There are 2 protein chains.
Amino acid sequence: MGKAYNVMAATCPSRTVLHRIGARWTVFVVNALADGPRRFTDLKAHIQGITPKVLTETLRSLEADGLISRQEYLENPPRVEYALTPLGRSLLVPLRAVRLWAEQHVPDIDAARARHEDRAATGTA
Amino acid sequence: MGKAYNVMAATCPSRTVLHRIGARWTVFVVNALADGPRRFTDLKAHIQGITPKVLTETLRSLEADGLISRQEYLENPPRVEYALTPLGRSLLVPLRAVRLWAEQHVPDIDAARARHEDRAATGTA
DNA sequence: GGTACCGGTATCAAATCCATACCGTGAGTC
DNA sequence: GACTCACGGTATGGATTTGATACCGGTACC
């Protein structure tokens, strides 16, 4: 069967999937859970700059899509652990590649941006 | 040297790179250019649902980051072609993987969403 | 002269994202 | 028994992004 869905079609369901993946913080959360379950506060500290509200929203969305699981322990103090599901772990593969690409190509992008600045400053010539 | 940048650090430059990659339409545009240069109107038609404004913005950003090139032909009628640069082509590799994942896992995500709906409707039990 | 195509802009509304502050529960603590 | 703290979040309200729709200047064609 292979490719039944085509992302370029406006009505294709894969659109909504890609939308979720492309959401601002998905790649961070999924990568952060790569090494095992983490707690809310732990995630918040690890993913620097994320606000609790956005983290909550991201986690809820990912949970709704079956990419992560939320396990509540009614201990003391109450503890909540988030972990990747098998589906989430399969997404980790391409997302890790994206993260790696980003980390490896910072100099290239920076250089391109500098060149662009130059060209803009010098005039359109 | 390998990994000099860490995406999880708030101040890391790789953040801005990941931000650009994760922008709403980047994955579509880069994938759309996979098979060779395309013209503005062609892109707009191919990437269904994108508005000209957003397409323009996305193309400008990608150009600034050196991921695509914009070639203007002063012929008649005037023609503008966008193409991936070598850097953009290297990004194509992980992005194509993301696209494939999205296209392949639609049923899984749909099923998860349905389960989630169910659970929400039935009550928290 | 009127219409259509190309490569976009302009304008304004809507969705999203973010910062900051706050809440309820229970534990420790004095 | 009031005070404070950590955990796992919410509430609020503003900034940023995204989107829909309409339009523009230039040229060719009819």
Side-chain angles (χ1 to χ4, degrees), chain A residues 7-11 15-29 32-33 37-65 68-83 120 124, chain B residues 7-12 15-30 32-33 37-65 68-83 120 124:
Chain A
V7 137
M8 297 300 173
T11 57
R15 273 291 174 89
T16 66
V17 174
L18 206 49
H19 188 185
R20 179 57 41 78
I21 298 177
R24 208 109 192 80
W25 293 97
T26 297
V27 59
F28 292 97
V29 171
L33 291 175
R38 279 176 185 272
R39 303 171 59 177
F40 186 89
T41 308
D42 189 19
L43 279 171
K44 187 154 66 71
H46 189 70
I47 306 171
Q48 292 175 26
I50 195 170
T51 64
K53 183 186 169 216
V54 172
L55 179 54
T56 300
E57 287 168 0
T58 305
L59 289 169
R60 296 273 192 277
S61 299
L62 292 174
E63 193 195 356
D65 287 353
I68 65 171
S69 63
R70 180 179 187 277
Q71 178 71 338
E72 204 166 331
Y73 297 94
L74 296 176
E75 317 171 338
N76 187 354
R79 192 157 58 92
V80 180
E81 272 190 359
Y82 294 94
T124 351
Chain B
V7 137
M8 296 300 173
T11 58
C12 186
R15 273 289 174 89
T16 65
V17 173
L18 206 49
H19 185 183
R20 179 59 39 79
I21 298 177
R24 195 90 181 61
W25 293 98
T26 297
V27 60
F28 294 95
V29 171
V30 171
L33 292 175
R38 278 176 186 274
R39 303 171 59 175
F40 187 90
T41 308
D42 187 20
L43 280 172
K44 188 154 65 71
H46 189 71
I47 308 172
Q48 292 174 24
I50 195 169
T51 63
K53 180 193 166 211
V54 171
L55 179 54
T56 300
E57 287 169 0
T58 304
L59 290 169
R60 295 275 190 276
S61 299
L62 292 175
E63 192 195 358
D65 287 352
I68 65 171
S69 63
R70 179 179 187 280
Q71 179 71 339
E72 204 166 332
Y73 297 92
L74 296 177
E75 317 171 340
N76 189 350
R79 190 157 59 92
V80 180
E81 271 190 359
Y82 295 93
T124 354

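Lettering of chains follows the sequences in order, A, B, ..., and the numbering in each one begins at 1. Keep in mind that what you see is a predicted model, and the values were worked out from it rather than measured.
Distance CH2 (B:W25) to C1' (C:dT16): 15 Å, rounded to an integer number of Å. Computed from coordinates, the B:E57 CD to D:dT16 P distance equals 15 Å when rounded to whole Å. Put simply, CZ on B:R24 is 18 Å from P on C:dA14, counting in whole angstrom units. One can place CG of A:L55 at 11 Å from P of D:dT10, the figure rounded to the nearest angstrom. Rounded to whole angstrom, the span from the CZ atom of A:R70 across to the P atom of D:dG8 amounts to 9 Å. Distance A:Q48 CD to C:dC18 P: 15 Å, rounded to the nearest Å. As rounded to whole Å, 19 Å separates atom P of D:dC7 from atom CD of A:Q71. The CZ atom of B:R60 sits 9 Å away from the C1' atom of C:dG7 (whole-angstrom rounding).
The side chain of B:R79 contributes no N or O atom lying less than 4.0 Å from OP1 or OP2 of C:dC5. Proximity of A:T41 to the phosphate of D:dG8: a side-chain N or O atom is located under 4.0 Å from OP1 or OP2. For A:T56, no side-chain nitrogen or oxygen approaches OP1 or OP2 of D:dG9 to under 4.0 Å.
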Step-by-step side chain to side chain contact (heavy atoms under 4.5 Å, CB included) determination, B:L55 to B:W25: CA-CA 8 Å; B:L55 179 54; B:W25 293 98; over 6 Å; no
Run the numbers on B:T41 and B:R39 for side chain to side chain contact (heavy atoms under 4.5 Å, CB included), then give the verdict. CA-CA 6 Å; B:T41 308; B:R39 303 171 59 175; 5.6 Å; no
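Nearer to the 5' terminus of DNA chain C, by closest-nucleotide assignment, is the contact made by B:F40 (compared with the other of A:I50 and B:F40). The residue among A:V54 and A:P78 whose nearest nucleotide of DNA chain C lies closer to the 5′ end is A:V54. Map A:K53 and A:E81 each onto its nearest nucleotide of DNA chain D; the residue landing nearer the 5' end is A:E81.
Of the candidates D:dG9, D:dG8, C:dG8, the closest approach to any side-chain atom of B:Y82 belongs to C:dG8.
Nearest heavy-atom pair across A:R15 and A:V7 is NE-O, 2.7 Å. For the residue pair B:A32 and B:H46, the shortest heavy atom distance occurs at CB-CD2, 3.8 Å.
In this structure, B:Y73 reaches neither bases nor backbone, as no heavy-atom distance under 4.0 Å exists between it and the strands shown.
A:T58 places a side-chain N or O within donor-acceptor distance of the main-chain N or O of A:V54, the cut-off being under 3.5 Å.
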